[in-house]
2 protein chains.
Amino acid sequence: MEQFKNYLIEHNIRPSLQRLMIYEYLYKNHNHPTADDIYSALSPLIPTLSKTTVYNTLKLFVHNGVAITLNIEGNELRYDADTSVHGHFKCKGCGNLFDIRISGTPEVEGIDGFQVDEYQINIKGYCKICKVEK
Amino acid sequence: MEQFKNYLIEHNIRPSLQRLMIYEYLYKNHNHPTADDIYSALSPLIPTLSKTTVYNTLKLFVHNGVAITLNIEGNELRYDADTSVHGHFKCKGCGNLFDIRISGTPEVEGIDGFQVDEYQINIKGYCKICKVEK
DNA sequence: GTGCTTGCAAATCGTTTGCAATAGC
DNA sequence: GCTATTGCAAACGATTTGCAAGCAC
């Protein structure tokens, strides 16, 4: 818990109870939750927690660089405390989201001189299990 | 116009006026519009056009493989008639969306044996112009 | 006590759904 | 005539906003 506290402080985020717990949840659960997932998980632990706070906090996290958003599904935003470059695979069968390690960024053309801040690789399809069952 | 008509028919899409015009708009405007953009652009030309039809049509296009969706921004879905594998760069300054050519898909790890249907590379940052102005 | 943080309620926005009117083969 | 398509209105769900109460330094 102390590690998280310092990490947030380093990123100019005052470590309130809510923020600490939301960050801890994000860090420990690599399931790329939505704001609603986080709210549902933490609401029993912090009975007064509101969704607004979850949204506020996540926006702050992204802005201060301790989390990234995943735009893999059109209608919802998912969050990830792993801010390093990596990809995601969304299974259209079971709905699970898998992390993908990327070895060597691909050659891209058309953005010479552009400043790259975020880099997302999203792949959709069917995972091993769902593929077989089709 | 005739070319589009045949293209749609080939993909089992009955070429109604609305569908033809929506496809033509998508094909000719490489600005990756939202459903709303398309509605706004075509509404003056087809006064009775409804947003529902735009949504229905776009969903049909994606399902039948003549368009793809872009999930680069969390709250909105964008559409692209270019169904080949290519990436997109979203400038956080001017909001413009640039096409990126990708030479050689990157090495990925973690999805051995998975069936890949869609492949998206989304990059965000600042384009040449906005980068300078910052 | 001043400013940041929280949290309720209402509003907003993109999208979907139910259903009746319409058009095309 | 039957089926696919259209389009209005209402519903929906994720997110944002306005604002008042609470907390921390």
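Below, chains carry the letters A, B, ... as their sequence lines are ordered, and counting in each starts from 1.
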task: Report yes if the side chains of B:N122 and A:N122 come closer than 4.5 Å at any heavy-atom pair, otherwise no.
output: yes
message: So if I define the base as every atom that isn't primed, P, OP1 or OP2, how would nucleotides 19-25 of chain C read as a B/S/- string at a heavy-atom cutoff under 4.0 Å?
response: -------
task: Could you state the atom-to-atom distance from CD of B:Q18 to P of D:dC8 in whole Å?
output: 11 Å
query: Salt bridge check: are B:E73 and B:R78 linked by an N-O gap of less than 4.0 Å?
result: no
field: Test log, rule side chain to side chain donor-acceptor pair (under 3.5 Å), inputs B:H11 and B:N64
entry: CA-CA 6 Å; B:H11 286 82; B:N64 289 25; over 6 Å; no
field: Nearest-Å distance for atom pair CD/C1', residues A:E73 and C:dT16
entry: 15 Å
- prompt: Just how far, in rounded Å, is P of C:dG14 from CG of A:L77?
  reply: 15 Å
query: What's the shortest heavy-atom distance between A:N29 and A:P33, and which atoms?
result: O-CD, 4.4 Å
message: Just to be sure I understand the geometry, which residues of residues 48-60 of chain B put a non-hydrogen atom under 4.0 Å away from DNA chain D?
response: B:T48, B:L49, B:S50, B:T52, B:T53, B:N56
statement: Double-helix bend of the helix from C:dG1-D:dC25 to C:dC25-D:dG1, axes at both ends from 5 pairs, round to 10°, gives 20°
task: With sequence neighbours excluded, tell me which residues meet side chain to side chain contact (heavy atoms under 4.5 Å, CB included) with A:T83.
output: A:I68
Could you list the donor-acceptor pairs under 3.5 angstrom formed by side chains in residues 36-45 of chain A, with sequence neighbours left out?
from  : atom 1 : to    : atom 2 : distance (Å)
A:D36 : OD1    : A:K51 : NZ     : 2.7
A:D37 : OD1    : A:T34 : OG1    : 3.4
A:D37 : OD2    : A:T34 : N      : 2.9
A:D37 : OD2    : A:T34 : OG1    : 3.2
A:S40 : OG     : A:D36 : O      : 2.9

message: Are B:F114 and A:Y126, when compared by the centres of their aromatic rings, separated by less than 6.0 Å?
response: no
query: Would you say a side-chain N or O of A:S16 is under 4.0 Å from OP1 or OP2 of C:dT6?
result: yes
- line: Walking DNA chain C from its 5' end, the first of B:T34 and A:I46 to be reached, judged by nearest nucleotide, is A:I46
- prompt: What is the distance from atom CD1 of B:I111 to atom SG of A:C91, rounded to the nearest 0.5 Å?
  reply: 11.5 Å
- request: Rounded off to whole Å, could you give me the CD-to-C1' distance for the B:E76 and C:dT16 pair?
  value: 17 Å
task: Starting at OG1 of B:T53, measure out to CD1 of B:I46 and round the result to the nearest 0.5 Å.
output: 9.0 Å
query: Whole-Å distance between D:dT16 C1' and A:N75 CG?
result: 17 Å
message: Taking the minimum atom-to-atom distance to the side chain of B:A35, which one of C:dT15, D:dT5, D:dA14 wins?
response: C:dT15
query: If you measure from the Lys or Arg side-chain nitrogens to the Asp or Glu carboxylate oxygens, is any gap between B:E118 and A:K92 under 4.0 Å?
result: yes
query: Are A:Y27 and A:F4 close enough that their ring centers fall under 6.0 Å?
result: yes
Nearest-Å distance for atom pair CG/P, residues A:N71 and C:dG14: 15 Å
query: What pair of heavy atoms forms the shortest contact from A:N71 to B:K124, and how long is it?
result: OD1-NZ, 3.5 Å
task: Could you identify which residues of residues 88-99 of chain B place a heavy atom less than 4.0 Å from some atom of DNA chain C, listed by residue number, or say none?
output: none
message: Can you measure B:N12 atom CG to D:dA4 atom C1' for me and round it to whole angstrom units?
response: 14 Å
- prompt: Has A:H30 got more than 12 heavy atoms of other residues, nucleotides or ligands less than 6.0 Å from its NE2?
  reply: yes
field: Check: B:Y23 ring centroid to B:F61 ring centroid under 6.0 Å
entry: yes
statement: B:Y39 atom OH is separated from C:dC13 atom C1', nearest whole Å, by 15 Å
